[in-house]
Amino acid sequence: QVQLVESGGGLVQAGGSLRLSCAASGDILHFHIMGWYRQAPGKPRELVATMVSGGNTNYADSVKGRFTISRDNAKNAVHLQMNSLKPEDTAVYYCNADPQVAGMDNYWGQGTQVTVSS
């Protein structure tokens, strides 16, 4: 069973940067889509960024130009570089692995808290 473990969250001031990491207990090449989602208190979980195996990326409009997703297949890891952070970025950030194959599960990490102060 695949496990995903996020790290890198913390407390930063507005305008600062954080780099989140997601370590997978298996070859992430098994997953067509790797992504980051976030959930703020009282709000539904929302997509932040995804990267497909071919390298194409997708970003939420709210983070486009500030966040960058990357995959390190050799280390079975995915990262999210977050720059110019805003208080509205405050949320728990979750790593997701999606094989895009019928009958195979999506996997989620436990989440890492990002808090951006004014």
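Source: prediction; values computed, not measured. Residue indices begin at 1 and follow the sequence shown.
A heavy-atom distance below 4.5 Å is not found between the side chains of Phe67 and Asn83. At a threshold of 4.5 Å between non-hydrogen side-chain atoms, the residues Val63 and Arg38 count as touching. Contact annotation: the side chain of Asn96 approaches that of Asn106 to within less than 4.5 Å [non-hydrogen atoms, C-beta and beyond]. Side-chain contact check for Val78 versus Ile69: some heavy-atom pair is nearer than 4.5 Å. By the 4.5 Å heavy-atom criterion applied to side chains, Thr68 and Tyr59 are counted as neighbours. The shortest side-chain heavy-atom distance between Met34 and Ser53 does not fall under the 4.5 Å cut-off. No side-chain heavy atom of Asn56 sits under 4.5 Å from any side-chain heavy atom of Thr50.
Residues Asp105 and Pro99 come closest through the heavy atom pair O-CD, 3.1 Å. Closest approach of Ser84 to Asp89, counting heavy atoms only: O-OD2, 4.5 Å. Across all their heavy atoms, Ala91 and Ala40 have their closest contact at CB-N, 3.8 Å.
With rounding to the nearest 0.5 angstrom, the CG atom of Asp72 is 9.5 Å from the OG atom of Ser21. Here Ser25 contributes atom OG and Leu4 contributes atom CG; the two are 7.0 Å apart, rounded to the nearest 0.5 Å.
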Handout entry: Test log, rule side-chain contact (heavy atoms from CB on, under 4.5 Å), inputs Asp98 and Tyr107
Key = CA-CA 7 Å; Asp98 184 355; Tyr107 291 91; over 6 Å; no
Practice task
List the steps, then state whether side-chain contact (heavy atoms from CB on, under 4.5 Å) holds for Gln110 with Glu6.
Solution key: CA-CA 7 Å; Gln110 82 288 346; Glu6 302 98 333; 2.9 Å; yes
Practice task
Give the intermediate values and the outcome of salt bridge (charged side-chain N to carboxylate O under 4.0 Å, His left out) for residues Lys64 and Asp61.
Solution key: CA-CA 5 Å; Lys64 193 171 297 182; Asp61 288 342; 3.6 Å; yes
Practice task
Please assess Tyr93 against Met82 for the test side-chain contact (heavy atoms from CB on, under 4.5 Å), listing each intermediate value before the final yes or no.
Solution key: CA-CA 12 Å; Tyr93 284 70; Met82 305 185 295; 3.9 Å; yes
Handout entry: From CA spacing to verdict: side-chain contact (heavy atoms from CB on, under 4.5 Å), Val92, Thr112
Key = CA-CA 5 Å; Val92 177; Thr112 185; over 6 Å; no
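Stacking of Arg45 on the aromatic ring of Tyr94 is recorded, both the 6.0 Å distance cut-off and the 45° axial limit being met.
At distances below 3.5 Å, at least one donor-acceptor pair connects side-chain atoms of Arg71 with backbone N or O atoms of Met51. Remark: the backbone N or O of Gln81 is not paired with any side-chain donor or acceptor of Arg66 at under 3.5 angstrom. Side-chain atoms of Asn76 do not come within 3.5 Å of backbone N or O of Ala24 as any donor-acceptor pair.
Residues meeting the side-chain contact (heavy atoms from CB on, under 4.5 Å) test with Val12, sequence neighbours left out: Leu18, Leu85, Val116. Annotation: ring pair (Phe, Tyr, Trp, His ring centres under 6.0 Å) contacts of Tyr37 (sequence neighbours excluded): Trp108.
A continuous path of Ile, Leu, Val, Met, Phe, Trp and Tyr side chains, each step under 4.5 Å between heavy atoms, connects Trp36 with Val2, placing both in one hydrophobic cluster.
Shown here is Gln13, whose CD atom has no more than 12 heavy atoms of other residues, nucleotides or ligands within 6.0 Å. Counting heavy-atom neighbours within 6.0 Å of Gln3 CD, excluding the residue itself, gives a total of 12 or less.
Side chains of His79 and Ser70: no donor on one and acceptor on the other come within 3.5 Å.
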